[in-house]
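Presented below is the structure to which this report refers.
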Amino acid sequence: MRTFPYEHASRRRAQYYPGDPEGMIAVDSLEVGPGRGDFICAEAKDHPERRYAAIEIKKRRYLKLIRKVEAKNLSNVLLVQGDARIVIPERLAEGTLSEAYVLFPDPWPKRRHTGMRLLSAEFLEMLARRMRPGGMIVIATDDQEFARWIRRNVAGVPSLSIDSENTSADETPVHTPTRYELKWKAEGRIITTIRCRRIATVHGQEPLLRGEKT
């Protein structure tokens with residue numbers, strides 16, 4: 001089973017569009033795994049005053065995202081091709097993000113593949129450190145076992161709390177839906193969206209993961 005961070009990914013150099021990795025410093029909102037880019041492009045267009053970044057692990061998708069961002073003339077989006085588990089701790093300072101979105105990551109449903117899942121307690125704790133106090137991490141999935149696994153991992157991160165949880169039966173959407181999300185809802189799939197809030201620390205001390213020793 002592979003462990004965090006993946007050794008092979010740490011040896012690969014991330015790519016950036018429009019080519020300035022230092023642009024990560026000014027990012028307000030982050031999406032991990034943007035896929036077709038429906039969400040990030042819609043948000044960036046609706047909020048031109050905000051700075052967005054999207055980290056995509058697959059090169060082919062990354063190249064398609066570049067064409068999409070250029071076609072929409074979005075100047076407030078930074079695209080990164082690389083592994084979020086490597087890029088986030090290397091390029092994002094702690095306490096800088098106000099929002100982070102992980103929408104429909106691969107649930108890796110087979111038991112032997114659980115270690116491949118992105119939203120481990122360790123990843124969530126690392127991402128939480130990059131959030132401002134009160135910042136939100138929004139997670140969506142159509143796999144209910146995966147949703148239960150995510151809840152357990154959030155419970156293992158003292159600096160996070162579940163602020164709210166919505167399903168596709170709720171009337172008020174909590175984020176801009178993607179094309180595939182709309183398709184899955186039309187098919188009757190249950191969509192679960194979990195919003196996690198970054199809890200302010202006491203006296204500047206970062207809480208440990210439950211079970212972690214000093």
Side-chain angles (χ1 to χ4, degrees), residues 2-106 108 116-120 122-140 175-181 196 198 206:
R2 294 173 178 174
T3 57
F4 171 90
Y6 292 169
E7 185 179 352
H8 75 284
S10 65
R11 295 196 296 266
R12 296 179 180 177
R13 180 175 296 180
Q15 297 184 48
Y16 297 83
Y17 172 87
D20 180 13
E22 297 305 318
M24 295 286 283
I25 296 172
V27 167
D28 300 302
S29 300
L30 171 71
E31 183 179 13
V32 179
R36 288 167 37 93
D38 298 328
F39 170 79
I40 196 78
C41 289
E43 290 292 306
K45 181 179 179 180
D46 290 344
H47 303 282
E49 76 285 357
R50 298 181 65 82
R51 180 71 173 167
Y52 292 84
I55 304 174
E56 173 56 54
I57 196 169
K58 295 185 178 180
K59 181 122 179 231
R60 185 174 296 180
R61 287 182 179 174
Y62 167 74
L63 295 175
K64 287 183 177 179
L65 284 167
I66 291 176
R67 292 195 291 270
K68 192 166 189 173
V69 166
E70 288 179 339
K72 293 181 177 294
N73 196 29
L74 298 172
S75 60
N76 58 334
V77 176
L78 174 67
L79 300 176
V80 186
Q81 193 267 310
D83 192 318
R85 288 161 282 213
I86 307 299
V87 174
I88 290 173
E90 284 187 351
R91 292 296 180 182
L92 281 173
E94 296 187 4
T96 57
L97 292 174
S98 59
E99 300 171 331
Y101 295 85
V102 189
L103 306 179
F104 305 99
D106 193 332
W108 294 98
M116 303 287 286
R117 290 175 171 177
L118 177 66
L119 295 167
S120 64
E122 188 173 12
F123 177 82
L124 288 167
E125 191 273 342
M126 180 267 290
L127 182 56
R129 287 178 181 269
R130 272 73 198 168
M131 308 302 298
R132 300 168 187 161
M136 302 298 296
I137 300 174
V138 182
I139 302 165
H175 61 265
T176 302
T178 67
R179 176 183 175 184
Y180 286 112
E181 181 175 355
C196 307
R198 172 65 159 84
E206 194 72 35

(message) Going by side chain to side chain contact (heavy atoms under 4.5 Å, CB included), name the residues that satisfy it together with K64, two or more places apart in sequence or in a different chain.
(response) R60, R67
(message) Is it the case that over 12 heavy atoms from other parts of the model lie below 6.0 angstrom from the CG atom of D46?
(response) yes
(request) Go through E43 and E31 one step at a time and tell me if the side-chain contact (heavy atoms from CB on, under 4.5 Å) criterion holds. (result) CA-CA 11 Å; E43 290 292 306; E31 183 179 13; over 6 Å; no
(request) Please report the closest heavy-atom contact between A14 and V80, naming both atoms and the distance. (result) CB-CG1, 4.2 Å
(message) Ignoring hydrogens, what is the shortest heavy-atom contact between P105 and A140? Give both atom names and the distance.
(response) CD-O, 3.5 Å
(message) Using side-chain heavy atoms (C-beta onward) and a distance below 4.5 Å, is S98 in contact with R50?
(response) yes
(request) Evaluate the criterion side-chain contact (heavy atoms from CB on, under 4.5 Å) for residue pair E181 and F39; output intermediate values, then yes/no. (result) CA-CA 10 Å; E181 181 175 355; F39 170 79; over 6 Å; no
(message) Using only atom types and a distance under 3.5 Å, with no angle test, would you say the side chain of E56 pairs donor to acceptor with the backbone of G33?
(response) no
(message) Ignoring hydrogens, what is the shortest heavy-atom contact between I40 and A53? Give both atom names and the distance.
(response) CD1-O, 3.9 Å
(request) Using side chain to side chain contact (heavy atoms under 4.5 Å, CB included) as the criterion, list what pairs up with R130, not counting sequence neighbours. (result) I88, P89, L92, E94, L97, M126
(request) Might you point out which heavy atoms bring G37 and L65 nearest each other, and give the distance in Å? (result) CA-CD2, 3.4 Å
(message) Minimum heavy-atom separation for F123 and L118, please, with both atom names.
(response) CB-O, 3.2 Å
(message) Is the shortest side-chain heavy-atom distance between T96 and V27 below 4.5 Å?
(response) no
(request) Identify, with sequence neighbours excluded, every residue that meets salt bridge (Lys or Arg N to Asp or Glu O under 4.0 Å) alongside D28. (result) R132
(request) Start with the C-alpha distance between E99 and V138, add both sets of side-chain angles, then the distance that settles side-chain contact (heavy atoms from CB on, under 4.5 Å), and finish with yes or no. (result) CA-CA 8 Å; E99 300 171 331; V138 182; over 6 Å; no
(message) Could you tell me if the side chain of K68 sits less than 4.5 Å from the side chain of R36, heavy atoms only?
(response) yes
(request) Taking all heavy atoms of K72 and all of C41, pick out the closest pair and write down the distance. (result) CD-CB, 3.9 Å
(request) Could you walk me through whether E122 and R85 pass the side-chain contact (heavy atoms from CB on, under 4.5 Å) test, one step at a time? (result) CA-CA 10 Å; E122 188 173 12; R85 288 161 282 213; over 6 Å; no
